[in-house]
Structures are given as C-alpha cells and as structure tokens.
Amino acid sequence: MPWRQPARNQNILFVWIDDHNNIWRIFLYNQTRDNDGSDRIPGAPEGAVQRRFGALPDGGALMAGADPWSPLQLRCGRILRNRFLLAPMTTDSSHEDGIVSGDELSYIERRCSTEFAAGITACAYVDDNGRAWRGIGANRDEHHDSLRRLAEAVRAGGGHAILQLYDSGRLARPDLVAPADMRAPSSIASLRPGAHVPRAMDGDEVVDIIHAFVGAARRGIDAGFDGIELHGGNHYLLHQFFSPRANAREDDWGGLQEKRMSFGLCLATAVRKAIGSSALLGYRVNPFEAEPGGYSLSDAAEFVSRLCEVGLDYIHISMDDFRKRSPQREDRDWTAPEGQVGAENPIEVLSRAVQGRAAVIASGGIRTAADAVEALAMGADLLAIGRAALIDPEWITKLKQDDEAAIRTALPATAERIAAELTMPARMVDYILSRPNWLRREDGLGIAGEGRI
C-alpha cells in the first residue's frame with residue numbers, strides 16, 4: 001500500500017516487515033517532521049514491505065512492540081501468531097441436549113479459517129441447571145464428539161482453539177431451568193425484568209460446581225481444545241461470587257472481598273491443575289460494576305492480580321467498547337443511554353495490576369487497524385474481535401491485506417440474508433436483532449441505524 005502524506009499533526013503508525021514477516025522497525029510519524037514529498041518515509045530496510053496501520057489520536061503514544069501482527073508467547077509456552085482472537089459470541093443454537101449444531105460449526109469454521117491466532121467458543125455449560133442459552137454442553141462424556149467437532153472447526157485456519165466455560169447462576173433461563181432448580185451464591189434476584197429469586201447454594205454445592213468446571217475443562221482438552229477460558233464476567237455465576245451485590249454469604253465463600261475472591265481463585269487453581277501447565281488458561285472478567293453497591297475497578301485490579309498467581313495465560317476484559325468505562329449492564333436494557341463511568345480506562349488499570357504476569361485481552365469496538373494499535377497502546381497484549389467478524393467473516397483477511405475499504409460494516413437488511421450471506425445460525429440472528437442499535441443494518445438505500453460496532 002503506497003504511503004500518502006497524512007494531514008498535518010496527524011500521527012501515523014508504520015511497521016516495516018521483511019519477506020520472512022520479521023518486524024524491522026515500528027515508526028510513529030508526525031507531519032510536523034521534515035519530509036521530502038516522496039511516497040515512502042526514509043529508513044526502511046532494503047526490500048522491506050511498509051505496512052500502514054492508520055491514524056492514531058492526536059498525541060497518541062505507541063508502546064514498544066505494539067504491533068498487532070507480531071507473535072506472542074504465552075505463559076504456558078504456546079505461541080500465538082498474531083494479536084487477534086475471535087471473540088466468544090452467543091449463538092444460542094445448539095441442540096437441546098447440548099450437542100453443537102451444524103449451523104454453529106459452519107459459523108465458527110468460516111471465521112476461523114482465516115488469520116485469527118485463536119478462537120474462543122461461545123460459552124459451554126458445565127451443569128444442566130446453569131444454562132442461560134440453548135448452548136454447547138460440556139457436562140457429560142456424551143458431549144465428547146460434539147466438542148471434538150467444535151475444536152476442529154475452531155482450528156480450521158491453524159489457530160488455537162479455546163473452550164469457554166460458564167454457569168449462569170441466578171441468570172438461568174426459566175425455559176431451560178425450573179425456578180426451583182435455580183441456584184446462586186445467595187438468595188438475591190438479578191436486576192433483569194421478571195427475575196426469579198434463586199436459592200442459596202450450600203457448601204457442598206459450591207464444591208460440586210467447582211468439580212463440574214474441572215470435569216468440563218478436562219473434556220474440552222481431551223476433545224482437542226488447546227485451552228480453557230473461565231467466564232467470570234457478564235454477571236454469570238463466577239461474577240456473582242465476586243460481586244457484593246450478589247454474594248451475601250457468611251461462610252468461606254462470601255462476605256469480605258478476600259472471601260468473595262475465593263471461589264474464582266479456587267476454581268482457577270483446580271482447572272489449572274486438571275489441564276496441566278502446557279494448556280492455555282484464561283479468565284474473563286468485568287472491570288467493575290456500574291450498578292449501586294457493585295465492586296469497583298480497584299477491586300477488580302486486586303482480583304486479577306491474585307488470579308495471575310494461579311498461573312493464568314491471560315485476563316480477558318469484557319467491555320462493549322474498549323475506549324469507554326462502561327461494562328455490560330446486568331439488567332440488559334439495551335435502550336439505556338451509554339456513558340463513561342469512572343476516571344480511568346480499565347485496560348490501563350488492569351494491565352498495571354497484571355504487571356506482565358499474563359497477557360491482557362481488550363475487547364469491544366475494535367474495527368480497524370488503528371483501533372487495534374490504540375488498544376495495544378493502552379496496555380493490552382491481545383485483541384478479541386466480535387462484532388466486526390460477525391458482520392464480515394473475512395474481516396481479518398482484509399485487514400491483513402491492507403484493504404479496509406473492502407470490509408463490510410453493516411449487516412444485510414433481512415434476517416434471511418444475514419443467515420445466508422454471513423453463515424450465521426437463525427437463532428443467533430434472532431438474538432442479534434433483538435438488541436436494538438447493537439449492529440448497523442443495511443436498508444434498500446444504504447445504512448440504517450448507527451449501532452455500536
């Protein structure tokens with residue numbers, strides 16, 4: 001891609017790469033520097049290819065090594081070929097017995113047959129009474145072949161396959177879990193409309209659910225997955241144990257923050273022991289709770305610091321937009337206005353807490369190469385790509401080819417076209433379209449609805 005002179009005072013990031021894909025130089029250019037008017041910035045090694053990553057915000061700084069196409073070795077020893085991961089996205093499309101559907105396999109295989117360094121599956125349940133979606137099952141040995149097919153689909157392009165595990169706790173869906181079987185850290189209903197009051201888990205049940213996660217993790221590794229992600233965000237069970245809004249226990253699993261951290265720490269320790277030191281292990285976390293009485297960003301920083309002592313490979317920060325300070329609301333009111341909450345960006349704060357002991361994944365709103373560089377400059381090591389890959393399954397291929405103009409930025413106008421053109425299960429399409437203004441839609445004349453991409 002030939003270099004074009006940027007607007008005055010605009011920072012542009014360039015990376016020179018040789019024929020063997022080695023990074024020769026990362027260069028932040030500002031138009032206030034002298035320039036001879038040529039179409040290349042002087043200094044590129046002979047024969048090197050110049051790759052432009054796009055404009056950074058005014059005054060933007062670049063952290064050393066913040067190249068999204070560079071490899072990264074994780075704590076377990078595995079090497080990711082670049083910094084892009086396919087994010088876990090709810091499909092709600094498995095068979096009722098938890099067997100992955102053909103449509104789900106097609107959805108994941110198309111997106112993972114590209115340049116993603118790894119793919120993280122939609123959350124798989126570890127217990128029948130912890131289902132919030134008609135999703136992937138990992139709680140029985142009968143799920144082995146289903147998980148094997150899923151792992152093969154995720155690894156279709158040569159990337160690593162990561163199985164995300166969860167339990168919904170008090171967010172269990174009533175059509176999947178009878179109200180009498182709904183359990184949580186405490187008998188406190190969620191903020192979602194019409195939420196049932198769950199029963200509080202007793203001590204034996206807490207230990208049992210840890211064993212359920214361990215069993216599901218082993219099944220995933222045995223089926224061919226390279227690693228496991230524990231879903232500790234989005235107000236599911238692991239999140240509930242850490243939240244003072246959801247956990248009012250007075251035993252070893254609740255009360256003061258030290259005890260509210262104990263479930264996640266014990267679970268991560270048990271799973272690491274079960275899957276061994278050579279498998280990937282990550283933990284997804286909401287950076288804080290915006291609801292009154294929720295945990296703070298500093299609380300989350302302390303928690304992720306403790307999690308790093310367990311031997312995690314990464315911390316996955318769950319956010320709708322990596323630039324903003326507003327994590328997912330528990331009430332899931334998609335029409336509520338967004339706003340920045342808190343004084344500091346969670347990526348920067350949690351990266352400081354991790355101190356290089358694990359990789360940090362940024363997520364939410366990464367659509368362009370410039371977005372990727374900006375998120376890395378904030379302190380992230382890896383980038384989870386969700387909505388951009390929903391809209392354009394070949395997003396990363398076009399990005400690598402420096403062809404951002406060819407990237408699709410809006411969903412087709414009808415549900416039928418979305419399913420057919422984007423290889424997406426019909427139930428997944430229904431869920432996506434139930435969230436107003438979440439993604440752009442095409443109409444007959446252009447684009448309707450700005451949405452949050």
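Heavy-atom basis, side chains included; hydrogens, waters and symmetry copies ignored.
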Is Asp371 salt-bridged to Arg323, going by a charged N under 4.0 Å from an acidic O?
yes

Sorted by chain and residue number, the salt bridge (Lys or Arg N to Asp or Glu O under 4.0 Å) partners of Arg357 (sequence neighbours excluded) come out as none

So ring pair (Phe, Tyr, Trp, His ring centres under 6.0 Å) across residues 411-430, not counting sequence neighbours, yields none

Got a sec, which pairs hit ring pair (Phe, Tyr, Trp, His ring centres under 6.0 Å) with one end in residues 397-416, sequence neighbours left out?
none

Euclidean distance, Ser93 OG relative to Leu105 CG, rounded to 0.5 Å
11.0 Å

Using the side chain to side chain contact (heavy atoms under 4.5 Å, CB included) rule, take Arg417 and Glu442 through it: C-alpha gap first, then chi angles, then the decisive distance, then the call.
CA-CA 11 Å; Arg417 285 185 55 204; Glu442 296 173 354; 3.7 Å; yes

Glu205: which residues meet the side-chain contact (heavy atoms from CB on, under 4.5 Å) condition with it, sequence neighbours left out?
Arg199, Met201, Asp202

With sequence neighbours left out, the residues meeting salt bridge (Lys or Arg N to Asp or Glu O under 4.0 Å) with Glu289 are Arg245

Could you tell me which residues satisfy ring-ring contact (aromatic ring centres under 6.0 Å, His included) with Phe322, sequence neighbours excluded, listed by chain and number?
none

Pairing of Arg155 and Glu152 as salt bridge, 4.0 angstrom limit
no

Any heavy-atom pair between the side chains of Asn139 and Tyr125 that's under 4.5 Å?
yes

Just jot down the side-chain contact (heavy atoms from CB on, under 4.5 Å) partners of Gln73, sequence neighbours excluded, or say none.
Ile79

Are Ile120 and Leu85 close enough that some pair of their side-chain heavy atoms sits under 4.5 Å apart?
yes

Might you work through the side chain to side chain contact (heavy atoms under 4.5 Å, CB included) test for Leu281 and Tyr314, ending with a clear yes or no?
CA-CA 7 Å; Leu281 180 60; Tyr314 67 78; over 6 Å; no

Ser70 side chain to Arg83 side chain, donor-acceptor N/O pair below 3.5 angstrom
yes

Exactly one of Phe303, Phe213, Phe242 should register a ring-ring contact (aromatic ring centres under 6.0 Å, His included) with Tyr283. Which one does?
Phe303

Under the rule for ring-ring contact (aromatic ring centres under 6.0 Å, His included), what residues qualify as partners of Tyr166, not counting sequence neighbours?
Tyr236

Nearest 0.5 Å please: distance from the CG atom of Asp392 over to the OG1 atom of Thr409.
9.0 Å

Considering only NZ, NE, NH1 and NH2 on the basic side and carboxylate oxygens on the acidic side, decide whether Arg183 and Asp167 come within less than 4.0 Å.
yes

Go through the structure and list residues passing ring-ring contact (aromatic ring centres under 6.0 Å, His included) with Phe116, not counting sequence neighbours.
none

Does the side chain of His231 reach to within under 4.5 Å of the side chain of Leu165, using non-hydrogen atoms?
no

Holding to side-chain contact (heavy atoms from CB on, under 4.5 Å), I want the full list of residues that pass it with Thr90, two or more places apart in sequence or in another chain.
Asp92, Trp133, Tyr431

Do Leu411 and Ile432 make a side-chain contact, defined as non-hydrogen atoms from C-beta onward lying under 4.5 Å apart?
yes

Does Arg367 pair with Glu404 as a salt bridge, N-O distance under 4.0 Å?
no

Mind checking what makes side-chain contact (heavy atoms from CB on, under 4.5 Å) contact with Ala156, not counting sequence neighbours?
Glu109, Ser113

Val360 and Leu382, any side-chain heavy atoms less than 4.5 Å apart
no

Thr423 and Arg110: side chain donor to acceptor below 3.5 Å:
yes

Check whether the side chains of Ser296 and Asp299 place a donor and an acceptor atom closer than 3.5 Å, and report yes or no.
yes

Rounded to the nearest 0.5 Å, what's the gap from CZ on Phe263 to CD on Gln240? Could you check?
10.0 Å

Could you give the side-chain donor-acceptor pairs of residues 264-277 under 3.5 Å, partners two or more places apart or in another chain?
from   : atom 1 : to     : atom 2 : distance (Å)
Thr269 : OG1    : Leu265 : O      : 2.7
Arg272 : NE     : Gly311 : O      : 3.3
Arg272 : NH1    : Gly276 : O      : 2.6
Arg272 : NH1    : Ala279 : O      : 2.8
Arg272 : NH2    : Ala279 : O      : 3.4
Arg272 : NH2    : Gly311 : O      : 2.9
Arg272 : NH2    : Asp313 : OD2    : 2.9

Side-chain heavy atoms of Arg173 within contact of Ser168, under 4.5 Å:
no

Answer whether the closest heavy-atom distance between the side chains of Pro412 and Arg441 falls below 4.5 Å.
no

Centroid-centroid distance, Tyr295 to Phe288, less than 6.0 Å:
no

Could you walk me through whether Arg219 and His144 satisfy the side chain to side chain contact (heavy atoms under 4.5 Å, CB included) test, starting with their C-alpha distance in whole Å, then the side-chain angles of each, then the deciding distance to 0.1 Å, before giving a yes or no?
CA-CA 7 Å; Arg219 290 184 192 95; His144 174 85; over 6 Å; no

So that I can tick it off, tell me whether Arg408 and Glu394 are bridged by a salt bridge, with the cut-off set at under 4.0 angstrom between side-chain N and carboxylate O.
no

Kindly compute the distance separating OG (Ser351) from CD1 (Ile317), expressed to the nearest 0.5 Å.
5.5 Å

Side chain to side chain contact (heavy atoms under 4.5 Å, CB included) between Arg260 and Trp253, intermediate numbers included:
CA-CA 6 Å; Arg260 286 188 284 105; Trp253 305 106; over 6 Å; no

Straight-line distance of Glu104 CD to Leu150 CG, nearest 0.5 Å:
7.5 Å

